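Every chain is numbered from 1 and lettered A, B, ... according to where its sequence line falls, protein lines coming before strand lines. These numbers were taken from a predicted model, which means no experiment stands behind them.
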Amino acid sequence: MSMLKIMTGIRNGLVKLLQVSAIVIMIVLVVDVLWGVFSRYAIGHQTRWTEEVATILLIWISFFGGSLTYAEKGHLGVDYFVGKLDPDAQRLNEILCHLIVGLFAAAAMIYGGWLLFSKTMASGQTLPALGIEAGYKYIVVPISGCFMLLFAIEHIMELLAKRNCREAVR
Amino acid sequence: MIEEILILVITFCVLMLINVPIAICIGVASFLTVLAIGNVDTAYIIAQRMAGGVESFPLLAIPFFIISGYLMGEGGMARRLIDFASAAVGWCKGGLGYVNVLTCMMFGSISGSAAAAVSSIGGFMIPEMNRKGYDKSFNVAITCTAATTGLLIPPSNVMIVYAVVAGSVSVADLFMAGVLPGIIVGVCLMIAGGLICWKRGYGGAQATSPKRIATTFVHAVPSLLLIVIVLYGILGGICSATEASAVSVLYALILTVFLYREVKIKDLPKLFLSSVKTTAMVMLLVGCSTAMSWVMARENIPQNVSAALLALSDNKIVILLMINVILLIVGTFMDMTPAVLIFTPIFLPAVTAMGIDPVHFGIILIANLCIGLCTPPVGTCLFIGCGVGKTTIAKVLPSLIPFFIAMFVSLMAITYIPWLSMWLPALVKSFGQ
């Protein structure tokens with residue numbers, strides 16, 4: 001039970017952190033794109049880095065937001081058929097789903113994302129206007145993968161604990 | 001080849017059946033298929049496609065339109081639009097039905113979300129119509145179906161998604177192409193609703209006067225101006241769709257926070273956060289679907305589907321009908337964004353081979369999938385509508401049938417009269433020259 005408490009604490013902390021960063025990124029995005037338009041008309045030539053910054057932040061907010069939405073179980077799914085199962089089977093099914101999400105996060109996002117990040121870094125590409133290495137665009141993929149894996153484990157532990165509680169009551 | 005396609009399709013269907021998030025279904029199915037193909041670094045390919053898919057400046061318009069939609073929704077836009085629509089069309093027999101459809105068209109366009117239109121407009125209109133003696137299931141049915149018109153009337157996020165997946169399709173063209181079809185669906189829904197109201201003898205709301213129409217219109221103008229600003233910016237070549245969406249955020253902020261003061265500054269973080277979540281949901285789908293399109297292209301699935309369709313018939317009318325039937329079935333159990341992401345790459349080659357413009361096909365696709373938003377087992381609008389109207393799907397279904405017929409008739413018109421979609425974009429272009 002205490003393990004679960006620790007995990008839930010970690011999740012809540014991470015969710016807060018992700019929420020704050022998502023809001024900040026979103027505000028920066030709006031300001032950045034507006035500055036792009038403004039600079040084009042007010043100064044006469046568009047600031048070169050606005051589109052690069054916007055694209056990087058869009059990747060970041062997509063993946064951070066994706067793991068945040070998963071932490072709060074907000075992703076689209078088809079719950080019609082599962083709804084017809086009995087409660088025990090539903091819980092078992094839910095554990096299986098989180099297991100699949102966790103495995104996908106580990107394989108595609110953490111492992112694959114790390115390969116993507118390190119290969120792009122190794123290629124030595126840089127972003128023309130910002131002058132930083134292009135690989136940093138993708139660092140968010142493995143990081144969000146870690147978050148997603150953690151959330152999957154926490155969801156599963158929570159579901160397992162629920163079952164133990166019910167058995168104790170019986 | 002066949003084995004790999006089977007892996008892709010079966011994995012996807014099984015995972016979807018057991019309620020794995022659809023984005024992850026797509027991701028896992030693609031992952032396993034790439035693994036089966038072999039010879040490539042599977043994890044790297046999937047991660048690269050996912051990140052590459054969301055690395056797109058045009059897609060940035062989606063979160064921005066969502067934010068401005070939320071702001072306008074929180075800022076009392078629904079009430080102003082309803083007041084205006086009541087003054088304009090509420091006085092006649094069955095008037096509240098027309099008010100409902102007209103408000104949904106305006107609100108759906110500005111908010112860009114059918115779900116938001118159902119909850120905001122339905123939240124006002126369904127109880128009001130109940131009070132005036134309109135049948136509860138009728139009220140929910142008309143709200144759900146009318147709310148989908150906002151996806152055809154610009155600005156529309158699902159059109160941006162389509163433009164990005166289809167490639168080489170201009171968002172500006174799509175936006176203009178959707179205007180007439182959106183109005184046609186709305187008018188067909190009004191006719192269906194009007195006939196029912198007339199048969200049942202539902203009354204009007206209240207008498208109106210030109211003065212009342214004028215005052216309510218003046219109140220609604222600042223909300224409607226958002227559409228004008230966005231379209232003028234894009235069509236006038238002043239800025240890209242993404243930039244126009246950012247401007248719409250600025251406009252909505254100034255209007256609702258500083259002028260109307262209906263949105264408090266302290267509410268903004270929460271509002272931004274909900275837009276991040278909606279965006280992330282769409283973007284994860286886009287990322288995973290990009291991986292799937294790569295797999296499908298590698299397996300020549302689009303070419304094979306295209307060849308199979310063209311082998312069945314070389315008649316444009318028949319093929320479009322087949323595609324429409326398939327999409328209607330898909331729409332019943334799949335939400336709009338994943339369906340657009342998955343089926344655009346599959347059908348587009350066949351359709352363009354027959355000389356149908358990708359812009360026209362985009363409008364057909366969206367008009368078709370709009371029907372699916374109101375059908376069980378998966379129908380976002382229907383679910384929200386039943387929640388707002390405090391009724392059940394089983395009770396609403398019989399009342400939905402006339403509206404489904406109206407939507408189907410307009411879908412057929414949109415499919416077989418290309419002019420409806422292609423005339424406005426051409427007209428706008430001719431002005432530009």
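- The CD1 atom of I46(B) sits 12.0 Å away from atom CG of L116(A), with the distance rounded to the nearest 0.5 Å.
- Atom OH of Y251(B) has more than 12 neighbouring heavy atoms from other residues, nucleotides or ligands inside a 6.0 Å radius.
- Considering CG of L284(B) and OG of S144(A), their distance stands at 9.5 Å, rounded to 0.5 Å.
- Between chain B and the options I110(A), V101(A), L103(A), V141(A), the largest number of non-hydrogen pairs under 4.5 Å is found for V101(A).
- Expressed to the nearest 0.5 Å, how far OG of S275(B) lies from CD1 of I61(A) amounts to 7.0 Å.
- Highest contact tally toward chain B, considering only V82(A), V140(A), L85(A), is held by V82(A) [criterion: heavy-atom pairs under 4.5 Å].
- Interface residue I59(A): backbone and side-chain heavy atoms are both found under 4.5 Å from chain B.
- To the nearest 0.5 Å, atoms CG (L96(A)) and CD1 (I18(B)) are separated by 4.5 Å.
- Of the listed residues (A105(A), A108(A), G83(A)), the one with the most heavy-atom contacts under 4.5 Å to chain B is A108(A).
- In this structure, F38(A) places its CZ atom where only 12 or fewer heavy-atom neighbours from other residues, nucleotides or ligands lie under 6.0 Å away.
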*asked:* What verdict does the side-chain contact (heavy atoms from CB on, under 4.5 Å) test give for F63(A) and M50(B), after you've listed the backbone C-alpha separation in whole Å, the side-chain angles of each residue and the deciding distance to 0.1 Å?
replied: CA-CA 10 Å; F63(A) 280 91; M50(B) 276 174 74; 3.8 Å; yes
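- Between L68(A) and L273(B), some side-chain heavy-atom pair lies under the 4.5 Å cut-off.
- Within the 4.5 Å cutoff, side-chain heavy atoms of M148(A) are placed close to those of I24(B).
- Only the side chain of E72(A) comes within contact range of chain B, judged by heavy atoms closer than 4.5 Å.
- Closest approach of S62(A) to A280(B), counting heavy atoms only: O-CB, 4.0 Å.
- The contact between V249(B) and chain A is made entirely by side chain atoms (from C-beta outward), counting heavy-atom distances below 4.5 Å.
- In this structure, a donor-acceptor pair under 3.5 Å is absent between the side chains of Y138(A) and Q48(B).
- Both the backbone and the side chain of V30(A) come within contact range of chain B, judged by heavy atoms closer than 4.5 Å.
- Distance check: L58(A) CG to L59(B) CG gives 6.5 Å after rounding to the nearest 0.5 Å.
- Within a 6.0 Å radius of CZ in F57(B), other residues, nucleotides and ligands contribute more than 12 heavy atoms.
- Counting heavy-atom pairs closer than 4.5 Å to chain A, the top-ranked of the candidates P338(B), G27(B), P376(B) is G27(B).
- Here V33(A) is the residue among I27(A), T120(A), V33(A), V20(A) with the most heavy-atom pairs under 4.5 Å with chain B.
- Within the 4.5 angstrom heavy-atom criterion, no atom of S245(B) approaches chain A.
- Using a 4.5 Å heavy-atom threshold, the side chains of K119(A) and D41(B) count as touching.
- Remark: L57(A) CG to L60(B) CG distance equals 9.0 Å, nearest 0.5 Å.
- Looking at L29(A) and F64(B), their side chains come closer than 4.5 Å, going by heavy atoms from C-beta outward.
- Heavy-atom neighbours of W114(A) CH2 from other residues, nucleotides or ligands within 6.0 Å: at or below the threshold of 12.
- The most heavy-atom pairs under 4.5 Å with chain A, out of L15(B), T279(B), N19(B), come from N19(B).
- At least one donor-acceptor pair closer than 3.5 Å links the side chain of Y41(A) to the backbone N or O of I238(B).
- When side chains are defined from C-beta on, L250(B) counts as touching L34(A), because their heavy atoms get closer than 4.5 Å.
- P21(B) has its side chain out of reach of K73(A): every pair of non-hydrogen atoms, C-beta onward, lies at least 4.5 Å apart.
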*Decide side-chain contact (heavy atoms from CB on, under 4.5 Å) for M26(A) and I67(B); before the verdict, give the C-alpha distance in whole Å, the side-chain angles of both, and the deciding distance to 0.1 Å.*
CA-CA 10 Å; M26(A) 202 47 129; I67(B) 296 178; 3.8 Å; yes
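- Both the backbone and the side chain of V54(B) come within less than 4.5 Å of a heavy atom in chain A.
- Chain B forms the most heavy-atom pairs under 4.5 Å with one residue out of G113(A), G66(A), A22(A), P142(A), and that residue is A22(A).
- For the options M281(B), M16(B), K270(B), heavy-atom pairs under 4.5 Å to chain A are most numerous at M281(B).
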